[in-house]
Amino acid sequence: MCPNTKSKNLFLPSHCTKQPYMSISTKYNPKETEDKWYQYWLEKKFFRSVPDEREPYTIVIPPPNVTGVLHMGHMLNNTIQDVLIRRARMMGKNACWVAGTDHASIATEAKVVALLKEKGIEKKDLSREEFLKYAWEWKDKYGGIILKQLEKLGASCDWDRTKFTMDKPLSEAVLDTFVHLHKKGLIYRGVRMVNWDPKGKTAVSDEEVIRKEVNQKLYYIKYFVSYQADSTSTFSTLASGEGGGEALVIATTRPETIMADAAICINPGDERYRHLKGKQVYIPLVNRAIPIIEDDYVEMEFGTGCLKVTPAHDLNDYELGLRHSLPVIDILNDDGTLNEKAGILVGEDRFIARKKIAKLLEEAGQLEKVEDYKSQVGFSERTDAAIEPKLSMQWFCKMEEMAKPALEYVLNGEIKLIPDKIINTYRHWMENVKDWCISRQLWWGQQIPAWYLPTGQYVVAKTRQEAFALATDLTPDTSSLTPDQLKQDEDVVDTWFSSWLWPISVFDPTVCGNPDAKGNADLNYYYPTNDLVTAPEILFFWVARMIMAGHEFRGKLPFKNVYLTGIVRDKLGRKMSKSLGNSPDPIELIENYGADGVRVGMLLCSPAGNDLMFDESYCEQGRNFANKIWNAFRLVKGWEIDEKLDYTNSVAVEWYESRFNEALLEIESHFAQYRLSEALMATYKLVWDDFCAWYLEAVKPAYQQPIDKKTLEATINFFERILALLHPFMPFLTEELWHDELFGSRTDLDCCVVAAYPSLGNVNERLLKDFGAVKQIISEIRNIRNSKQISPKEALPVAIKANSDTQYNNYSGIITKLAVLSEITFASEKLEGAAAFIVGRDEFFVPLSGNIDADAERERITKEIDYLSGFLKSVNAKLSNERFVQNAKPEIIANERNKKADAEAKIVMLEQSLNLL
RNA sequence: GGGAGAUUAGCUCAGCUGGUUCAGAGCAUCUGCCUUACAAGCAGAGGGUCACUGGUUCGAACCCAGUAUCUCCCACCA
């Protein structure tokens, strides 16, 4: 049974329908409908999708972080997906929206570590297994929150398919992928300079580093020059800064790394330092001698033209060091504190060490000056810690080969990026792609399937047994090797190394790592998916890599369209963030405005492809719209049929039929271009303006009067189509109304959520045009009434001097009703002493008893004549311009001639009116 | 430093192939209305040098060049 018939009916029994508006609330109350219908939809399995003969329409959700709670970005993103999926479902497609969450290794591990710390447990005191047990407990407890929140929004996901990126099969897919790519030579291990996150204590990929401009200090430090050419010198006098020894001054933002210096570098062409070639300098404070080297890399103009080379702590310096065979002295611990190699300030955090060392240098007289300086510093995307370049052994995935087809899909249009302006950026990235550092020094995630032999060699295999088999091939002395001796790599893979498989692994994880596998029925049916809706920020992290994985493992693209939403900002244009506290709580918004109101609000302010400046007032507008529909329903609900009444509303009914189809066409076109905001606005106007303000006002009977059967039936039919059209945007309200007895009795499964989307019908252009004139006439009369302060209750007579072939007889009923007229007459001459206006080529007169202000009227008409004369002049100028007549398209010229004729006719009419005054 | 995009009403944005769908929409504002569906409403109105300067064209919000401002992406100047 439908909730509406089961529960206490909102509406009164039929014997009370005389004044139903008195008994139904004048406001739509979302709280009474939302949970009720969501549960009903679940119960009836309307969101469930299994392969069948229908065309599939598939979306995989960008899996939200399992630690996350719903924020405004999710709201926008998932509203869009739900609109698309609901619409596809109603259009008869087999709509499948796969939900799930991402294990987000760094973020989740950080959260669990913090939580344990509160309980007094340190991660380092736990074994890997113990830690993971805590992590899973935590995930089981809180991991579902965000999905529950999505239900509140109305998300019509097939929850039976919900996946988690660390589900066993999906994790196995990750391992298979690793093994496969390693076998192919696309994954390798090596010592490289990586981005080290000292807070997360792990390496992160280039994409996870966010560069921000930071106000820093540029320290100018004196390094004294040794008199001897080699390092055997003693330096007692120099080291103390006495004795007038020559000093080189270098500029650095990182004085705390001077203890790791391996050389000072100058430009070979730099005259200032030519005499120092081959000499050495002493590092201040620690007095270690380092050579002066030359390299073109150094800019003579920057700073002093001398560069301190610190291979362990700077990528460029590292490369410089490689060229000049410099030693790498790493003075930092994994957590960013100084280690013993620093010699001084051991155990201090790098930023504290920076301040202290500046002080020490100053005291030693080796700090020449300090300048303010702005520069870009990398921060970890997940922990916001300043990234430390660090030399370490990591696993990498080669990108160049995989990037090529992934770029091709986008360039040849097989995958459409919306908006397409982003293609340039995508191309640039794909053409300059660097290898992907995929290892993370964490526990929460898929452990890298690499196994180390006691010899230091390693093999890559999914299981210990398989690894052992491979290992025995490596070792000559197999008898001494046991499986237990293999030690698995401690690291896990980057989270994105699992989520890049998402569009495949949610259907059939077994094909990852096995491109030749046929794949199961689900995969073959749903893949490639249709639309991906995500944020532009993760275009490279995720979207590009999914395309790579899709090509690698399926030989096919993973989705056809990528809709990139904007960033949700506040009214002032600031990105919404927890730290700024400028983000409203989405659940609270739903409480206040209803899910439908919030959905409409989100979409109203989200122009395709642009950031959106969110403001609660949009939700208010959405709520008001829901209320408007609710009240339109109350009106129609209250009408009683009188079978004896004649059908007098055919014009209004036919007009709305045409208008509906016209709007539908427009809406389709907006959807085809993913202009959801405009599709919604077109729907909004179709309902509010055309249906409520014009159609219903035109057909509604006088108070407590019955209506004829045909009009009511047509109205109900329109209403039902409107509900279907609105459903993807406002699922709850439409479902609620759908089940009212007004629309007849419905079976349990006859729900709006699975109703047929309205189909296109005929558009009567002539009727639409005529009705446009009718609206204009009514507005003009209302305007006259308004400006003359005539009560809306006072019926006015109107005379029409028709000069066109418009059949006003057909429309006199509507005009009379909506403009509140006493009579309409047709005149062959102008009326004197009447308020006059022109619509098209026809003249209209409203006789007013002594109310005409001749002067004002004269002024108004003169003004209009002036305007039209100017207009005519410009048209005439065009038409008398030979080059225009020669070059312009014929239809443009014809149009100009029409304009000319219209303007001339109008001027004549106005001049006559002027004379009459 | 390199690249991409933007600038239209108070706000958020449409404006497609240059030409009456060309200056639009929604919200906000103002005026008048508690008119028996809705005041979370109804009716009506005002509001723009299309960033600026040139150019191309019979004709420019639209094409071109330059300027200004803003946004985003990429990049190793210590």
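Protein chains get the first letters and strands the later ones, always in sequence-line order, with residue 1 at the start of each.
A/Cys692 comes within 4.0 angstrom of a nucleotide base, judged by non-hydrogen atoms across all strands. Within 4.0 Å (heavy atoms only), A/Tyr28 reaches no atom of the nucleic acid at all. Looking at heavy-atom distances under 4.0 Å, A/Leu307 makes contact with a base. Within 4.0 Å of A/Glu301, counting heavy atoms only, lies no atom of the nucleic acid at all. If you check every strand for non-hydrogen atoms under 4.0 Å, A/Ser617 touches nothing. Residue A/Lys700 is classed as a base contact, given a heavy-atom separation below 4.0 Å to a base. Nucleic acid contact class of A/Phe625 (heavy atoms, under 4.0 Å, all strands): none. Within 4.0 Å (heavy atoms only), A/Asn881 reaches sugar-phosphate atoms of the nucleic acid but no base atom. Using a 4.0 Å heavy-atom cutoff across all strands shown, A/Glu678 reaches sugar-phosphate atoms only and no base atom. Contacts of A/Phe871 with the nucleic acid, taken as non-hydrogen atoms under 4.0 Å apart, include base atoms. Contacts of A/Val309 with the nucleic acid, taken as non-hydrogen atoms under 4.0 Å apart, are absent.
Between A/Leu612 atom CG and B/C27 atom P the separation is 19 Å, expressed in whole Å. Separating the CD1 atom of A/Ile422 from the C1' atom of B/C74 is a distance of 12 Å, rounded to the nearest angstrom. Per the geometry, CD1 belonging to A/Ile707 stands 18 Å off P belonging to B/U36, to the nearest Å. In this structure, CH2 of A/Trp630 is placed 14 Å from C1' of B/A40, rounded to the nearest angstrom. Distance A/Tyr618 OH to B/A25 C1': 12 Å, rounded to the nearest Å. In this entry the distance linking NZ of A/Lys900 with C1' of B/U20 reads 17 Å, nearest Å. One atom, CG of A/Leu604, and another, C1' of B/C13, lie 11 Å apart when rounded to the nearest Å. Across the protein-nucleic acid pair, A/Phe541 atom CZ and B/C73 atom P stand 11 Å apart, rounded to whole Å.
Side-chain atoms of A/Thr33 and A/Tyr28 include a donor-acceptor pair closer than 3.5 Å. Looking only at atom types and distance, the side chain of A/Ser617 has no donor-acceptor partner in the side chain of A/Glu620 under 3.5 Å away. In summary, the side chains of A/Tyr223 and A/Asp261 do present a donor paired with an acceptor at a separation below 3.5 Å, with no hydrogens or angles considered. For the residue pair A/Asn29 and A/Glu32, a side-chain donor N or O sits within less than 3.5 Å of a side-chain acceptor on the partner.
Side-chain proximity of A/Phe302 to the nucleotides B/A78, B/C38, B/G19 is greatest for B/A78. Of the candidate nucleotides B/A43, B/C73, B/G26, B/A43 has the atom lying nearest to any side-chain atom of A/Ala693. Taking the side chain of A/Thr26 as heavy atoms from C-beta on, and the options B/G44, B/C38, B/A78, the nearest nucleotide is B/C38. Picking from B/G44, B/U71, B/A37 the nucleotide with the shortest atom distance to the side chain of A/Asn786 gives B/G44. Nearest to the side chain of A/Asn783, among B/C38, B/A45, B/A14, sits B/A45.
For B/C38, the base has a donor-acceptor partner in the side chain of A/Lys628 [N/O atoms by modelled type, under 3.5 angstrom]. The base of B/A43 has none of its N or O atoms less than 3.5 Å from a complementary donor or acceptor on the side chain of A/Glu697.
Contact annotation: A/Arg634 side-chain N/O to B/A37 OP1/OP2 distance is not under 4.0 Å.
Atom-to-atom distance recorded for A/Glu371:CD and A/Lys217:NZ is 10.5 Å, nearest 0.5 angstrom.
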